[in-house]
Amino acid sequence: MGRPAGPAAYSPKVAAAYDIVGFDQRGVGASTQVVCSDQDTVDALFTSGDLRDRSRRAVDATVDRARNFVRDCERRSGDLLPYITTDQAVHDMDLFRALLGESKVSYYGPSYATFLGAYYATEFPRRVDRVVLDSNIGFTGSWQKFLTGQPMSFQRRFEQDFLPWLAANDATYHRGRTAEEAKASYERLRRALSEHPLDLEGTPITPNHLDAAATSLIYSGDRFPDLAVLLGVLEHPEAAPQAARKALAEKLKHPLGAQFAADFFSVICQDTPWNHDSAFWVRRSAADSAAYPMAGARELTFASVCAAWPRSRAPRVQVTGQGLPPIMMLNSLHDPATYYEGALRAHQGTAGSRMITVGGGDHGVYQSHNPCVDAYVEGFLVDGRMPTEDASCEGKPLPDPTTGR
């Protein structure tokens with residue numbers, strides 16, 4: 001607690017109006033950490049073979065790796081696991097509030113922190129003042145319902161935003177003059193990595209590394225040039241300086257950190273119920289892999305971990321917004337991770353909330369230098385001005401590689 005938080009550095013108005021407090025949620029950071037598999041095992045979970053391979057042998061191997069990961073979690077952190085949940089975390093938050101001597105708190109949280117904030121407000125409605133939830137998990141439903149919607153939204157962001165931008169900048173990146181040509185160049189590169197993984201400075205790069213990097217880099221339009229450059233280096237590594245190849249290999253090596261994976265799965269597998277039928281997930285992931293290959297191919301890995309997870313006794317919190325002051329919600333239309341449809345369901349299920357819809361697809365729209373969004377958020381947090389109805393802002397323009405802006 002007590003370390004400078006993002007809004008303090010970003011907004012002098014918010015910093016002047018509030019004492020800003022962050023914390024290391026249990027299971028991460030300086031808190032007692034949950035431990036599952038080592039990094040090599042987590043890497044194998046997400047990079048072995050080709051996750052689009054739907055052969056029985058490949059599917060069985062994916063399910064087995066997921067079950068082994070869960071066994072590692074139980075063996076190394078079995079006593080701690082039941083307490084790594086959102087419900088436990090919000091009680092920690094209320095303890096911090098009491099220790100700080102505050103009767104009420106205001107809250108800003110992006111991404112998973114929207115789930116945390118919605119749960120806190122629901123469990124302690126008289127202890128919240130102004131709440132801003134940015135890039136929203138579908139917190140009125142289950143993690144299963146929310147996460148199975150992500151393959152569609154990652155594919156949409158890739159095909160409707162990134163590929164047209166890449167094609168429009170063919171003079172710089174040479175990946176094709178139309179979105180269709182740019183997509184074909186991506187798939188050619190991916191097939192080449194599937195047939196012959198690339199040895200990049202001692203790191204074998206598989207098609208799964210490519211997909212993981214792509215899904216990560218399309219979170220923000222500002223990172224589109226990074227993905228475009230990555231594609232060029234992977235296709236022609238000999239043309240890149242050795243230092244650039246080494247740096248890229250380090251970035252690609254670990255799609256998901258072992259510590260993050262341990263905490264992430266502890267939360268999503270325990271907060272809300274999951275279907276524990278592996279056969280269901282084999283069928284579901286096959287359909288999503290075919291329709292939305294960018295992220296659908298990894299669905300079996302994520303779902304198989306939660307299908308194998310010990311059944312949770314965490315209390316189910318139903319977020320309704322009843323008895324709460326108005327909550328401000330922010331979400332971009334093409335956010336790949338916290339997709340708009342899930343955010344809209346959460347908004348419609350949360351009484352008194354206001355949705356600020358932002359164009360584009362950036363994940364995390366406050367603190368992204370969008371003046372319209374900043375005005376709504378700071379007007380609410382600092383001056384208490386909540387829009388009387390839902391509102392909208394234009395998204396930030398995508399970068400122009402010819403100008404560096």
Legend entry - F46/H209 aromatic ring centres below 6.0 Å: no
Inset, instruction - Could you give me the CA-CA distance, side-chain angles and deciding distance for I356 and V365, then say whether side-chain contact (heavy atoms from CB on, under 4.5 Å) is met? - result: CA-CA 10 Å; I356 310 299; V365 292; over 6 Å; no
Legend entry - Donor on one side chain, acceptor on other, D92 and Q88, under 3.5 Å: no
Inset, instruction - Check the pair R97, E123 against salt bridge (charged side-chain N to carboxylate O under 4.0 Å, His left out), reporting the backbone distance first and the verdict last. - result: CA-CA 14 Å; R97 176 204 57 78; E123 294 204 41; over 6 Å; no
Inset, instruction - Find out whether the Lys NZ or Arg CZ of R298 is both under 6.0 angstrom from the six-membered ring centre of F154 and within 45° of the ring's axis. - result: yes
Legend entry - Side-chain donor-acceptor contact under 3.5 Å, D362 with S332: no
Legend entry - Result of checking K251, K246, K253, R245 against E201 for salt bridge (Lys or Arg N to Asp or Glu O under 4.0 Å): R245
Legend entry - Geometric class of the F69/F265 ring pair [parallel <30°, tilted 30-60°, perpendicular >60°]: perpendicular
Legend entry - Validation row, ring centre F224 to ring centre F162 under 6.0 Å: yes
Inset, instruction - Using side-chain contact (heavy atoms from CB on, under 4.5 Å) as the criterion, point out the one residue from D263, L80, I84, T85 that pairs with R26. - result: I84
Inset, instruction - Give a yes-or-no answer on whether the side chains of D390 and H347 include a donor-acceptor pair shorter than 3.5 Å. - result: yes
Inset, instruction - Please tell me if the side chains of C36 and R76 come closer than 4.5 Å, counting only heavy atoms from C-beta onward. - result: no
Legend entry - side-chain contact (heavy atoms from CB on, under 4.5 Å) assessment of F124 paired with H91: CA-CA 9 Å; F124 302 103; H91 284 84; 3.7 Å; yes
Legend entry - Enclosure of E394 CD (heavy-atom neighbours >12, cutoff 6.0 Å): no
Legend entry - Side-chain H-bond candidate by donor/acceptor type, R67 with S278, under 3.5 Å: yes
Inset, instruction - Mind telling me whether Y173 and W165 have parallel, tilted or perpendicular rings, with 30° and 60° as the class edges? - result: tilted
Inset, instruction - Take R130 and Y18 through the test side-chain contact (heavy atoms from CB on, under 4.5 Å) and record every step on the way to the result. - result: CA-CA 12 Å; R130 299 169 187 174; Y18 291 95; 3.7 Å; yes
Legend entry - Heavy-atom check, side chain of P336 versus side chain of T215, under 4.5 Å: no
Legend entry - ring-ring contact (aromatic ring centres under 6.0 Å, His included) partner of H363, the single match among Y219, Y339, Y340: Y219
Inset, instruction - Please tell me if the side chains of E74 and V70 come closer than 4.5 Å, counting only heavy atoms from C-beta onward. - result: yes
Inset, instruction - Verify whether the ring centers belonging to Y107 and Y120 lie closer than 6.0 Å. - result: no
Legend entry - From CA spacing to verdict: side-chain contact (heavy atoms from CB on, under 4.5 Å), L45, L256: CA-CA 9 Å; L45 191 65; L256 203 66; over 6 Å; no
Inset, instruction - Would you please classify the geometry between the F146 ring and the W143 ring as parallel, tilted or perpendicular, with 30° and 60° separating the classes? - result: perpendicular
Inset, instruction - Using a 4.5 Å cut-off on heavy atoms from C-beta on, say whether the side chain of L210 contacts that of Y186. - result: yes
Legend entry - Within the 6.0 Å centroid threshold, strictly below: Y366 and Y10: yes
Inset, instruction - Would you please classify the geometry between the W281 ring and the W274 ring as parallel, tilted or perpendicular, with 30° and 60° separating the classes? - result: tilted
Legend entry - N68 and R71 side chains, donor-acceptor separation under 3.5 Å: yes
